[in-house]
Every structure is written in structure tokens, then in C-alpha cells.
2 protein chains.
Amino acid sequence: MGKAKATRGDRAGAATTAEKIRAAAEELFCLRGFEAVSVADVAERAGVNKALVFYHFESKAHLFDLVLARYYDAHTAALAGAFADEGALAERLHRVVDAYLDFMADNRRYAALVQQQLTEPGTHARIRRHLEPLLRFLEQALAGATPPKGPLAGRQFFVTFSGMVTHYFTYAPLLGALWGGDPMSRAALDERRAHVHWLVDAILARLADERPAKARPARARTR
Amino acid sequence: MGKAKATRGDRAGAATTAEKIRAAAEELFCLRGFEAVSVADVAERAGVNKALVFYHFESKAHLFDLVLARYYDAHTAALAGAFADEGALAERLHRVVDAYLDFMADNRRYAALVQQQLTEPGTHARIRRHLEPLLRFLEQALAGATPPKGPLAGRQFFVTFSGMVTHYFTYAPLLGALWGGDPMSRAALDERRAHVHWLVDAILARLADERPAKARPARARTR
DNA sequence: GTCTATAGCGAGATAGAC
DNA sequence: GTCTATCTCGCTATAGAC
């Protein structure tokens with residue numbers, strides 16, 4: 001699982017063989033998924049011999065695991081920062097949405113990769129470990145605005161928000177043809193961003209309307 | 001592509017060989033996707049010889065195409081009925097959401113199948129033909145409530161609604177572990193249904209609030 | 001660490017008897 | 001229409017020289 005030596009960053013010129021392989025694998029896996037990429041493809045892309053892939057990484061599966069772990073970590077890190085406890089709830093959620101959209105736009109095949117993982121039981125444990133902190137983040141952020149159980153609980157909004165964002169990217173290749181225009185263009189991404197922001201506001205407004213009526217008696221816990 | 005004779009329904013006892021194969025393929029493809037299912041698996045499940053699969057269907061890909069087409073058709077049919085022009089907009093949308101959720105609950109791996117297709121360019125044309133009428137349905141239904149362009153256009157809500165629904169099912173295997181309790185249980189599905197209904201209402205309420213205000217000066221193009 | 005050569009397997013698909 | 005036997009190919013992974 002990676003020689004201990006691979007501590008160097010990924011400067012362009014001085015890439016070690018292992019790093020070239022990792023980079024090539026990342027590119028290809030994110031482009032075509034796991035099954036559709038062969039070790040020979042990775043080696044060719046990296047400009048190294050096929051056998052070296054097995055020397056530096058134990059197997060194709062290990063290599064894929066490594067790529068996936070990097071993505072999961074990057075994803076969590078990107079969102080964790082955005083959840084920072086500053087500003088009103090709406091503002092925080094907008095930040096999170098922005099971070100999510102930006103991450104997806106920068107790693108366009110990531111959504112597809114994760115979706116693909118979902119179809120393979122056996123990888124569920126890892127994805128769960130990846131998603132759990134994100135779910136907790138959102139539940140905590142929403143704690144003051146949503147009830148702890150039922151159809152308006154934070155976990156429902158977790159599915160809703162992540163669906164709204166990721167769906168756009170998994171469907172992007174189709175949307176281009178259906179809509180006309182590139183859904184990955186700056187303008188299109190900004191439009192999607194505005195849409196999701198609008199939805200966040202609509203949801204918060206409706207929650208605020210309902211809360212006093214619903215959980216009325218005694219003091220409402222403002223946060 | 002299927003002998004012309006295969007007009008019989010799928011009564012249990014009198015299943016023809018081709019039908020047994022088709023049924024087995026449908027089950028397995030929806031359970032594990034395309035790559036993870038071998039022709040030998042299908043034959044075994046159907047209780048027939050492997051070579052017969054190639055006799056009755058030209059190839060594994062053809063067989064898969066057939067299964068997929070059936071699903072797409074069933075999906076479109078299920079939603080088309082729900083879009084019927086009766087009742088207020090909110091009521092119609094609730095009907096569509098219900099039909100969508102029911103279809104997904106009855107065909108639990110369908111969402112994963114479609115997602116998987118999205119990762120394989122070359123199948124895009126077909127999915128597009130499948131999605132196009134659904135998009136047009138929704139755009140038409142929303143025509144009076146949303147602007148024709150921009151972040152609140154119908155097409156944005158198309159991605160949003162389908163994401164909210166399908167995401168629940170693609171993530172279901174994980175949600176069980178994350179939440180505790182089976183996300184496919186009657187109670188859990190009803191909770192999700194209530195959540196999406198609530199969202200539909202929140203969105204319509206907000207749209208109604210904004211429309212007069214937004215395009216205010218001179219005559220607002222009420223459309 | 002890097003290469004060539006090849007083992008070994010499982011897959012889709014076909015040949016041809018019945 | 002159904003079967004057995006087999007072909008062919010691409011893939012992961014390894015052996016072993018350098």
C-alpha cells in the first residue's frame with residue numbers, strides 16, 4: 001500500500017513513478033470508472049511499464065481504493081470548512097452549497113464514481129464512514145430549524161440537498177443535449193448555484209413559518 | 001432481437017424459454033448491474049443452457065438493452081398517467097411524486113441501473129429519448145408557475161425533483177446503516193413521501209410569493 | 001526499480017451433434 | 001430448439017532476468 005517514501009508533493013517535473021501511476025489512475029478511474037479501466041491503460045497513460053503498477057501498488061483494487069480515499073477526504077475537507085459556525089444559518093448553508101458545487105465542478109466524474117460504488121456492496125462500509133460526518137454536520141447545522149424526527153428531520157434534507165447537487169453532475173452529459181448549451185459552463189453552473197440557493201431560502205422560510213405553529217409551546221430553541 | 005412469436009404474457013407456468021431468460025436477466029441486471037452479471041449467471045437463474053441465451057438473444061448487450069427499454073417504458077408510463085391535467089398544480093405534482101416514489105419502490109434497483117448507464121457514453125442517446133418526455137411534462141405542468149429561463153425555470157426543478165427522489169433509492173443501502181432502520185420499509189417510504197410533498201408545497205408557496213414582486217414594473221409578463 | 005514473457009482465469013460467443 | 005464442447009480474447013497478476 002504505497003511505499004513509505006512517497007512523501008513528496010506532486011510537482012510536475014519531479015514526479016516519481018508511483019506518483020505518475022497514481023495520477024494516471026485518478027484521471028482514468030474518474031473518467032471511466034473501475035471496470036472500464038485496465039491496468040494496461042493506467043500504465044500507458046502514466047508512461048510506465050504495466051508490471052510496475054503491481055510493484056508499486058499491490059493490485060488494481062488497491063490502486064482504486066487509494067484514489068477513492070483521496071477523493072473522499074478532499075470532499076469531506078471541502079465541506080467541513082464551509083460548515084464553519086459563522087453567520088446565520090442561511091449563510092452557512094449557502095457556503096456549503098457553494099463548496100459542494102465547486103468541488104463537483106472541479107472533480108466532474110466524482111459523482112459518477114460514488115454512484116458506481118453504491119452499486120457494489122462490500123464498499124458500503126467505507127462510503128458510510130465517508131458520509132457519516134457530512135450527515136452529522138448538516139444535522140447539527142439544522143438542529144435549531146428542524147425537528148429531530150419525521151419528514152422534516154435533518155437527515156431527510158441531507159438526502160435532498162445532496163441529491164439536488166450531485167444529480168446535476170451525474171446527469172450533466174444528458175442535460176447538454178436536452179437543454180442545449182453546456183451544463184458545465186460557467187454560466188450554467190452559476191444558474192444551478194442560484195437555483196439551489198433559492199431552494200435553501202425557500203426551505204428555511206417555510207420552516208420558520210411552520211415551527212412556531214408546530215412546536216409552539218414553551219420557548220423555541222433558537223439554535 | 002426477440003423472435004416474433006414472443007407475444008404471450010408472462011404467466012408463471014407457461015413461460016417460454018425466451019421469457020424465462022428475459023425474466024432472469026431483468027432480475028439479475030437490476031440486482032447487480034451489467035458488468036457484474038455474466039451470461040452464465042442469467043442462464044443458471046433461468047434454468048436453461050447458456051448457449052440458449054445467445055440463440056434467443058443475439059448477445060449479452062442486446063439482452064440488456066431489452067431489459068432497459070422495458071424499464072424506461074414502464075417508468076414513463078407510470079409518470080405520464082400521474083401528470084394528467086386534473087386538479088390544482090400542487091395536487092398534480094403530489095401525484096407525480098407519488099407515482100415516482102412508488103415506481104422506484106417497486107423497482108428498487110432501477111435508479112442504480114440508470115445511474116450506471118449514465119457513466120457509459122454511447123447509451124446517452126437512448127436515455128435522452130427516455131428523459132425528454134418527462135422533462136417536457138414537468139416544464140409544461142410548471143409553465144404557469146415558473147419563468148421560462150434562469151434559475152427558476154422548469155428544467156432546474158426537473159433536476160431537483162428527480163434528484164430528491166432517485167437519490168433516496170440509490171443511497172438506500174447506506175441510509176439503513178446511517179440512520180438505523182430500513183429505508184425501504186413502509187414507514188420510511190411514507191416519511192420520504194411526506195418530505196417531498198412538503199418540499200413541493202414550500203417551493204410553490206415561495207414561487208407564488210415571488211412572482212408578482214420579481215417582474216413587478218410595468219406589466220409583469222404573467223405568461 | 002524496471003523490464004519481457006507468460007501463467008491462469010473467466011468472460012462472451014460459436015460449432016455442430018442431436 | 002436444445003445441448004456439449006470449445007474457441008478466442010482480454011484481463012489481472014506473477015516469474016524471473018537485468
Side-chain angles (χ1 to χ4, degrees), chain A residues 1-8 10 13-29 31-68 116-117 119-120 122-123, chain B residues 1-8 10 13-29 31-68 116-117 119-120 122-123:
Chain A
M1 195 201 272
K3 297 290 156 268
K5 166 162 345 170
T7 40
R8 185 150 12 154
D10 27 16
T16 189
T17 296
E19 278 164 0
K20 281 194 289 191
I21 294 172
R22 194 202 47 70
E26 194 160 308
E27 251 179 290
L28 291 180
F29 282 142
L31 209 61
R32 310 207 299 261
F34 179 76
E35 305 274 9
V37 172
S38 74
V39 173
D41 294 336
V42 174
E44 189 187 11
R45 180 88 170 203
V48 305
N49 189 276
K50 189 174 67 141
L52 287 178
V53 176
F54 294 96
Y55 174 79
H56 287 284
F57 305 90
E58 192 169 322
S59 67
K60 182 187 171 185
H62 274 64
L63 183 52
F64 185 66
D65 285 356
L66 204 92
V67 169
L68 214 59
Q116 214 170 28
Q117 287 296 290
T119 70
E120 292 174 22
T123 64
Chain B
M1 192 204 271
K3 296 291 155 262
K5 163 155 0 165
T7 39
R8 184 149 16 153
D10 27 16
T16 190
T17 296
E19 279 163 0
K20 282 193 288 190
I21 293 172
R22 195 201 47 71
E26 194 160 307
E27 251 179 292
L28 291 180
F29 283 143
L31 209 60
R32 310 207 298 261
F34 180 76
E35 304 274 10
V37 172
S38 74
V39 173
D41 294 336
V42 173
E44 190 187 9
R45 180 89 168 203
V48 304
N49 189 277
K50 186 173 70 140
L52 287 177
V53 175
F54 294 96
Y55 174 79
H56 287 284
F57 306 89
E58 191 168 323
S59 67
K60 181 187 173 187
H62 273 64
L63 183 52
F64 185 67
D65 284 356
L66 205 92
V67 169
L68 214 60
Q116 213 167 29
Q117 286 298 288
T119 70
E120 291 174 23
T123 65

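Reminder, nothing fancy here: chain letters follow the sequence lines and each chain counts from 1.
Checked by atom type and distance alone, the side chain of B:D65 never pairs as donor or acceptor with a backbone atom of B:H62 at under 3.5 Å. Counting only distance, with no hydrogens or angles, the side chain of A:T16 and the backbone of A:E19 share no donor-acceptor pair below 3.5 Å.
Straight-line distance from the CD atom of B:E44 to the P atom of C:dA11: 11 Å, rounded to whole Å. Distance B:F64 CZ to C:dA13 P: 14 Å, rounded to the nearest Å. The distance from atom CD1 of A:I21 to atom C1' of C:dC3 is 13 Å, rounded to the nearest whole Å. If you take CG of A:L52 and C1' of D:dG16, they are 14 Å apart, rounded to a whole angstrom. If you take OH of A:Y55 and P of D:dC18, they are 19 Å apart, rounded to a whole angstrom. Here C:dT14 presents its C1' atom at 18 Å from CZ of B:F57, a figure rounded to the nearest Å. Distance NZ (A:K20) to C1' (C:dT2): 12 Å, rounded to an integer number of Å.
Distances were taken from every side-chain heavy atom of B:N49 (C-beta onward) to each of C:dC3, D:dT2, D:dT4; the shortest belongs to D:dT4.
Here the shortest heavy-atom pairing between B:H56 and B:A18 reads ND1-CB, 3.9 Å.
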*Reading nucleotides 7-14 of chain D from the 5' end, what letters show protein touch, with B for base, S for backbone sugar-phosphate only, - for no heavy atom under 4.0 Å?*
----SBBB

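Under a cutoff of 6.0 Å and an axis angle of 45°, B:K60 and B:F34 form a cation-pi pair.
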_Does B:D41 form a side-chain contact (heavy atoms from CB on, under 4.5 Å) with B:R32? I'd like the steps, not just the answer._
CA-CA 11 Å; B:D41 294 336; B:R32 310 207 298 261; 3.0 Å; yes

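Counting heavy atoms from C-beta on, the side chains of B:F29 and B:Q116 never come closer than 4.5 Å.
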